[in-house]
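Have a look at this one before I ask anything.
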Protein chains: 2
Amino acid sequence: MRTMGRHFLLDLKECNKDRLDDLDFIKDVLHYVAKDAGNAVIGESFHRFLPQGISGVVLITGAHLCIHTWPEYNYAAIDVFTYGDLFRPEEAAKLIIDRLESGNPSVVELKRGL
Amino acid sequence: MRTMGRHFLLDLKECNKDRLDDLDFIKDVLHYVAKDAGNAVIGESFHRFLPQGISGVVLITGAHLCIHTWPEYNYAAIDVFTYGDLFRPEEAAKLIIDRLESGNPSVVELKRGL
C-alpha cells in the first residue's frame with residue numbers, strides 16, 4: 001500500500017465535562033494544535049448544540065481536525081488526518097488529550113492510501 | 001462499548017481524475033449527500049491546491065464529511081462520520097463512490113464510542 005495520509009482516531013473518555021461544552025475553549029484547542037504544527041488554517045466550522053455538545057471541523061494545509069463532544073458522557077471523538085510531513089499527528093493527539101483532561105484516552109492510527 | 005458514532009472510511013482508488021480536481025463538482029457531491037439524507041449543512045470549507053488536489057470538510061447536523069483528493073493518483077480519502085439516526089452512512093458512501101466513478105473502492109466501518 002502507498003500511504004497517502006496518516007489518520008489518528010481519538011476516543012477520549014473521562015474528559016473534563018465543562019471543557020467539552022465550551023465552544024471558545026474547543027476552538028482555541030484546535031487552533032493551538034494547528035499553530036503548534038506551524039500550519040495555516042484554511043477554514044473552519046463550529047457549532048454548539050442545545051442543550052449541550054459541540055461539533056467542529058478545521059481544515060488545515062496538509063491536515064484536518066474534527067471533533068464531536070458529548071459532555072453528558074464526558075466523551076469526545078476526534079479525528080486528526082494528516083498528509084505530508086509538516087503536521088505531526090502524535091504531538092497533536094497528545095496536546096488534545098492533555099487539554100481535554102481525558103483520564104481514559106484511546107488512540108488508534110490508521111494508514112490511508114492506495 | 002457504547003456506540004456514539006458510526007465512522008465510514010472510504011479509500012477510493014481508480015477514480016475519475018477530472019472529477020477529483022473539480023472543486024465545484026466535489027462541493028456539489030458532498031452537498032447532495034447531505035441533502036439526500038435530509039440534513040442541514042451547518043458549515044463548510046473547501047480548498048483547491050496547486051497544481052492539483054482538493055481538500056474539503058462539511059459539518060452537518062448529526063454528521064461530518066471530509067475529503068482529500070489526489071487526482072495524480074486517481075485517489076480520494078473520504079470520511080463519513082455520523083451520529084444519531086438521521087444520516088444513513090451506507091447510502092452516503094454508495095453515492096460518493098458512484099459520483100467519483102471509483103473502480104476500486106475500499107470501505108471500512110468503525111464504531112466510535114466509549
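The chains referred to below are lettered A, B, ... by the order of the sequence lines, with proteins before strands, and numbering in each begins at 1.
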Whether B:Tyr75 and B:Trp70 hold their rings parallel, tilted or perpendicular, with breakpoints at 30° and 60°: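 Geometry flag for B:Trp70 against B:Tyr75: tilted rings.
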4.5 Å side-chain heavy-atom contact, A:Leu30 and A:Ile67: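 With C-beta onward as the side chain, the pair touches.
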Closest approach of A:Pro51 to A:Arg48 (non-hydrogen atoms, all atoms of both residues):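 Looking at all heavy atoms of both residues, the shortest contact is O-NH2, 3.5 Å.
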Beyond-backbone contact of B:Asp79 with A:Asp79, side-chain heavy atoms, under 4.5 angstrom: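 Yes, at least one pair of side-chain atoms sits under 4.5 Å.
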Toward chain A: residues of residues 4-24 of chain B with heavy atoms under 4.5 Å: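 Contacts with chain A: B:Met4, B:His7, B:Leu9, B:Leu10, B:Asp11, B:Lys13.
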Which atoms of A:Tyr73 approach chain B - backbone, side chain, both or neither, heavy atom under 4.5 Å: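 For A:Tyr73, the contact with chain B is made by backbone and side chain together.
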Residue part contacting chain B, namely of A:Phe46, when any heavy atom lies under 4.5 Å: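 For A:Phe46, the contact with chain B is made by the backbone alone.
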Heavy-atom pair count under 4.5 Å with chain B, highest-scoring of A:Leu110, A:Val57, A:Thr61: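 That would be A:Val57.
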Chain B contact via A:Ile78 - side chain, backbone, both or neither, heavy atoms under 4.5 Å: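 A:Ile78 touches chain B through backbone heavy atoms alone.
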Pair A:Ser55-A:His47, side-chain donor/acceptor within less than 3.5 Å: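 Looking only at side-chain atoms, A:His47 and A:Ser55 do not form any donor-acceptor pair under 3.5 Å.
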Straight-line distance of B:Gln52 CD to B:Leu50 CG, nearest 0.5 Å: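 Atom-to-atom, B:Gln52:CD and B:Leu50:CG are 10.0 Å apart.
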Test item: B:Leu100 and B:Ile26 side chains (from C-beta on) under 4.5 Å apart, heavy atoms: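 Yes, side chains in contact.
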SB check B:Lys35 B:Asp28 (cutoff 4.0 Å):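 Salt bridge between B:Lys35 and B:Asp28, a charged N being under 4.0 Å from a carboxylate O: no.
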Chain B contacts, top residue of A:Leu59, A:Ile42, A:Asn74 (heavy-atom pairs, under 4.5 Å):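 The answer is A:Leu59.
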